[in-house]
Amino acid sequence: MKKYVTGTFIFADLSSADAGKLREFYQAVAGWSSTGVPMKDGDTDYEDYMMNDAEGNPVGGVCYARGTNHDVPKGWMMYIQVDNAEQRIEDCKKLGGEVVKVARKKDGSVYYAMLRDPEGNAFGIGDYGEQPGAGTAAKAAIQISKPAAAVFEAIVDPEQMKHYFISSSTGRMEAGASLTWRFPEFDMNVPVRVKEVEKNALVTFGWDVNDHEMTVTIRLEPFGDGAATVVKIEEASAEGYDPGQEWLIGNTEGWANFLSCMKAWLEYGVHLRVGAFDFRKEG
């Protein structure tokens with residue numbers, strides 16, 4: 001990983017009462033994509049949003065003004081890489097600045113600090129060391145000769161998905177749903193957390209790999225006169241976790257198989273997955 005350079009702006013956070021609305025605004029205006037970040041406020045679970053550039057690199061966060069962000073100053077909070085966060089906090093106080101908040105790691109060292117300069121302008125500092133990337137991403141795409149509405153239903157409806165992917169699901173893919181999938185080739189339950197669903201356009205969900213959450217994003221793009229749909233899939237870690245080359249090869253192959261099986265089912269009614277992966281069964 002690349003180390004941050006001392007003195008550079010490295011990240012930005014924006015807190016709002018309606019982070020979902022601002023996420024949509026910046027996706028449209030700045031061309032960013034987003035990845036859900038699980039958060040907790042007391043006993044309530046919710047999601048903030050990691051905003052990513054066109055290559056999938058994190059550029060900032062759009063957060064709800066609640067939980068750990070309930071007291072964040074209004075406006076974009078820009079974070080600066082410093083070489084000694086503890087000392088810089090003391091320097092801020094000595095030079096007439098204000099310490100708004102200090103977040104610490106388990107070992108007591110500074111994770112980040114929110115400060116104000118003598119004129120009241122808010123900013124953040126931290127000694128972040130290495131720069132996280134978007135992580136290794138498995139990608140696949142295919143064109144299906146069906147409208148986006150038909151492809152979307154084939155993804156969110158478990159009764160249709162059983163024809164080409166899973167053997168069972170505890171429910172339909174809806175934003176916020178926690179589901180359990182089973183597969184015909186493997187005797188295991190697979191927890192799935194549905195993050196975001198945009199009708200006929202987008203499905204995003206998370207599942208775990210080696211105790212790290214991987215986010216799967218499925219985008220639907222109408223092609224030509226809308227009679228066909230381009231389906232694009234990307235699976236990656238928002239936190240920059242890299243599960244390795246073997247995972248990358250396997251999941252790229254896996255999502256290509258997913259798309260091929262879905263295309264065969266939707267266009268020709270063929271159960272392409274049946275018997276295709278019996279060789280992977282244990283025992």
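Positions are given from 1, in the same order as the sequence printed here.
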Less than 4.5 Å apart, any side-chain heavy atom of [X] and any of [Y]?
X	Y	value
M262	I142	no
E47	Y64	no
W207	M214	yes
I233	V216	yes

Please report the closest heavy-atom contact between [X] and [Y], naming both atoms and the distance.
X	Y	result
G171	S169	O-OG, 2.9 Å
K162	S167	CD-O, 3.0 Å
C92	E98	SG-N, 3.7 Å
G67	H70	O-ND1, 2.9 Å
P58	N52	CA-OD1, 3.5 Å
Y112	M114	CE1-CE, 3.7 Å

Partners passing side chain to side chain donor-acceptor pair (under 3.5 Å) against Q27 (at least two apart in sequence or in another chain): S34

Check the hydrophobic clustering (I, L, V, M, F, W, Y; side-chain heavy atoms under 4.5 Å; chains of links allowed) and say if [X] and [Y] are grouped together.
X	Y	result
F25	V37	yes
M78	Y111	no
F258	V270	no
V100	L115	no
V29	M50	yes

Do the charged groups of [X] and [Y] touch, with an N to O distance under 4.0 Å?
X	Y	answer
K94	D91	no
E24	K21	no
D208	R193	yes

Should we say atom [atom1] of [X] is surrounded by more than 12 heavy atoms from elsewhere, each under 6.0 Å from it?
X	atom1	answer
D107	CG	yes
D187	CG	no
Y46	OH	yes

Whether H163 and W265 hold their rings parallel, tilted or perpendicular, with breakpoints at 30° and 60°: parallel

Parallel, tilted or perpendicular, as decided by the 30° and 60° cut-offs, for the rings of W32 and Y26: parallel

Full working for side-chain contact (heavy atoms from CB on, under 4.5 Å) between W76 and V62: CA-CA 9 Å; W76 278 103; V62 174; 4.2 Å; yes

Pairs satisfying salt bridge (charged side-chain N to carboxylate O under 4.0 Å, His left out), at least one member in residues 61-80, at least two apart: D41-R66, D71-K101

What's the spacing between [X] [atom1] and [Y] [atom2] if we round to 0.5 Å?
X	Y	atom1	atom2	value
I125	Q81	CD1	CD	10.0 Å
E235	L248	CD	CG	10.0 Å
E234	N251	CD	CG	12.5 Å
L259	I218	CG	CD1	8.0 Å
E185	F277	CD	CZ	6.5 Å
R273	D278	CZ	CG	10.0 Å

Kindly list each side-chain donor-acceptor pair under 3.5 angstrom involving residues 144-158, sequence neighbours excluded, with atom names and distances?
unit_1 : atom_1 : unit_2 : atom_2 : d
S145   : OG     : E267   : OE2    : 3.4
E153   : OE1    : R172   : NH1    : 3.2
E153   : OE1    : R172   : NH2    : 3.2
E153   : OE2    : R172   : NH2    : 2.8
D157   : OD1    : E159   : N      : 3.0

Apart from L202 itself, residues in the same hydrophobic cluster as defined by side-chain heavy atoms under 4.5 Å: none

Co-members of the apolar cluster containing I249 [side chain, <4.5 Å]: none

Chi angles and distances behind the salt bridge (charged side-chain N to carboxylate O under 4.0 Å, His left out) call for E198, R219: CA-CA 9 Å; E198 295 180 15; R219 300 184 185 278; over 6 Å; no

Chi angles and distances behind the side-chain contact (heavy atoms from CB on, under 4.5 Å) call for I166, V190: CA-CA 10 Å; I166 60 175; V190 179; over 6 Å; no

Can you list, pair by pair, the side-chain donor-acceptor contacts under 3.5 Å of residues 6-15, counting residues two or more places apart and other chains?
unit_1 : atom_1 : unit_2 : atom_2 : d
T8     : OG1    : V5     : O      : 2.6
D13    : OD1    : G61    : N      : 3.3

Pair N189, R182: side-chain N/O donor-acceptor within cut-off below 3.5 Å: yes

Check: D225 side chain, A227 main-chain N or O, donor-acceptor pair, under 3.5 Å: yes

side-chain contact (heavy atoms from CB on, under 4.5 Å) between R88 and D83, worked out: CA-CA 8 Å; R88 302 305 160 227; D83 58 359; 2.8 Å; yes

